[in-house]
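In the text below, chain A, chain B and the rest are named by the order of the sequence lines, each starting its count at 1.
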Amino acid sequence: MERVIALVDMDCFYVQVEQRLQPEYKGKPCAVVQYKKWKGGSIIAVGYEARACGVNRNMWGDEAKKLCPDIHFFRVPEVRGKADLTKFRDAGKEVINVLSRFSNCVERASIDEAYIDLTEEVKRRMDKRAQKELLQNTHIVGFDKEGRLEGLESWLDSVYEGDDFNNIQDKKLAVGALISEEMRAAVYEETGFRCSAGIAHNKMLAKLSCGINKPNKQTVLPYGSVQGLFSTLPVRKIRNLGGKLGESLVEELNVEFIGDLVKFPLTELQNNFGDKTGEQLMKSQWFPHHNEKSADIGEYEEF
DNA sequence: CATGGCCTGGAA
DNA sequence: TTCCAGGC
Ligand SMILES: Nc1ccn([C@H]2C[C@H](O)[C@@H](COP(=O)(O)OP(=O)(O)OP(=O)(O)O)O2)c(=O)n1
Ligand SMILES: [Mg+2]
Ligand SMILES: [Mg+2]
């Protein structure tokens, strides 16, 4: 009996926080910088209009200005020479407060994202079919080749066709997506911030799918689409494999994609990367920190 | 100085 | 407890 987990991540969060304070900059290319003296300051967040010009984090303010002459920089306030992030933290709490109404199991994962265990709420709402009209911002991994709506329709139709185990799990995701649309609408209504979400059966997959359609969209990752996705997904895209460990996996095992890991027996993974790490790799249990207040600790088989 | 500041989890 | 890896 699979859980339904949503990961909500705010879009260009610090930029949105500043734009809410100064709405005249909404819709314009913006970035947030700290310390203006050296090369125009370092950029820590970039709005989507500025990303379209090629501006990214890890760029100096002066470089960004070359790519995007109209860009507006919001400056992080400094207190005794240090950047003061208080207003962003407070804004993050506002979002958590809204999300907390939708589940008693919400896990703050960073300043701008949280995992929400929707399993219980989904159970209560399984009697109603998820309608595509209520999933206007939802994409389904593996079903969007001919367009978002076409894919959504054909997925919903096939999911509600039968009642075997996989159909039932997918129905849970569909209902989870419905709740997630409501959650994201509530966040926007009550805070003015836009966000994206991923809906899947565990935290790692929810986090992964959230990033597939950004900004202001949400993405469902059914189990049936995981193999296809993993078969071309670079190892470093999985949370916690973005650094040296991921690099060493690629080199020592001569693999490129996360799906290639299924070929290796547990003992080989453990010999190369240690007992604990090998086991985590095997189970793909690369969940971020899970704390006590979260029931979101669990295994899932395969992969 | 030249991303920086800050957070969490696991190993040492 | 401190240090390092990984991440926002
Ligand atoms: N190296 C980093 C990464 C992020 N942040 C801050 C600024 C971001 O606004 C916020 C959230 O980080 P995200 O990775 O979620 O990025 P954004 O929210 O800015 O953009 P996206 O729309 O891609 O989520 O954390 C930071 O200070 N330093
Ligand atoms: Mg974000
Ligand atoms: Mg984030």
TODO: Among the candidates B:dC6, C:dC8, C:dG6, find the nucleotide nearest to the side-chain atoms of A:Lys82.
DONE: B:dC6
Open item on the list: salt bridge (charged side-chain N to carboxylate O under 4.0 Å, His left out) for A:Glu247 and A:Arg236? Distances and angles first, verdict last.
Closed with: CA-CA 7 Å; A:Glu247 244 180 83; A:Arg236 65 172 181 282; over 6 Å; no
Open item on the list: Distance check needed: B:dC6 P versus A:Asp90 CG, whole Å only.
Closed with: 15 Å
- [ ] Give me the residues of residues 58-67 of chain A where at least one heavy atom lies under 4.0 Å from an atom of DNA chain B, by number, or none.
- [x] A:Asn58, A:Trp60
Task: Integer-rounded Å distance: C:dC8 C1' and A:Tyr115 OH - done: 11 Å
Task: Gap between atoms CD and P, on A:Gln280 and C:dG6 respectively (whole Å) - done: 12 Å
Task: Euclidean distance, atom CG of residue A:Leu85 to atom P of B:dC7 [Å, nearest integer] - done: 9 Å
TODO: Rounded off to whole Å, could you give me the CD1-to-P distance for the A:Ile111 and B:dG4 pair?
DONE: 18 Å
Task: Residue met sooner reading DNA chain B from 5', once A:Trp38 and A:Tyr35 are mapped to nucleotides - done: A:Trp38
- [ ] Would you check if there is a donor-acceptor pair between the side chains of A:Gln34 and A:Arg75 at a distance under 3.5 Å?
- [x] no
TODO: Compare all side-chain heavy atoms of A:Ile238 with those of A:Met204 and state whether any distance is below 4.5 angstrom.
DONE: yes
Task: Atom-pair distance (CG on A:Leu281; P on C:dG6), nearest Å - done: 12 Å
TODO: Could you walk me through whether A:Arg125 and A:Glu182 pass the salt bridge (charged side-chain N to carboxylate O under 4.0 Å, His left out) test, one step at a time?
DONE: CA-CA 13 Å; A:Arg125 294 175 55 166; A:Glu182 294 168 8; 2.9 Å; yes
- [ ] Look at A:Lys244 and C:dA5 and indicate whether a side-chain polar atom (N or O) is within less than 4.0 Å of OP1 or OP2.
- [x] yes
Task: Sugar-phosphate only, base, or nothing, as touched by A:Lys276 at under 4.0 Å among non-hydrogen atoms - done: sugar-phosphate
Open item on the list: Contact between A:Phe74 and A:Tyr14 at the side-chain level, heavy atoms closer than 4.5 Å - yes or no?
Closed with: no
Open item on the list: Does A:Lys207 reach a base, just sugar-phosphate, or nothing at all? Heavy atoms under 4.0 Å.
Closed with: sugar-phosphate
- [ ] Answer with base, sugar-phosphate or nothing: what part of the nucleic acid does A:Arg89 contact at a heavy-atom distance below 4.0 Å?
- [x] sugar-phosphate
TODO: Rounded to the nearest angstrom, tell me the gap between atom NZ in A:Lys203 and atom P in C:dC8.
DONE: 13 Å
Open item on the list: Side chains of A:Glu181 and A:Asn137 only: does a donor on one sit below 3.5 Å from an acceptor on the other?
Closed with: yes
TODO: Rounded to the nearest 0.5 Å, what's the gap from CG on A:Asn58 to CD1 on A:Ile43? Could you check?
DONE: 9.5 Å
Task: Whole-Å distance separating the CG atom of A:Leu245 from the P atom of B:dG9 - done: 18 Å
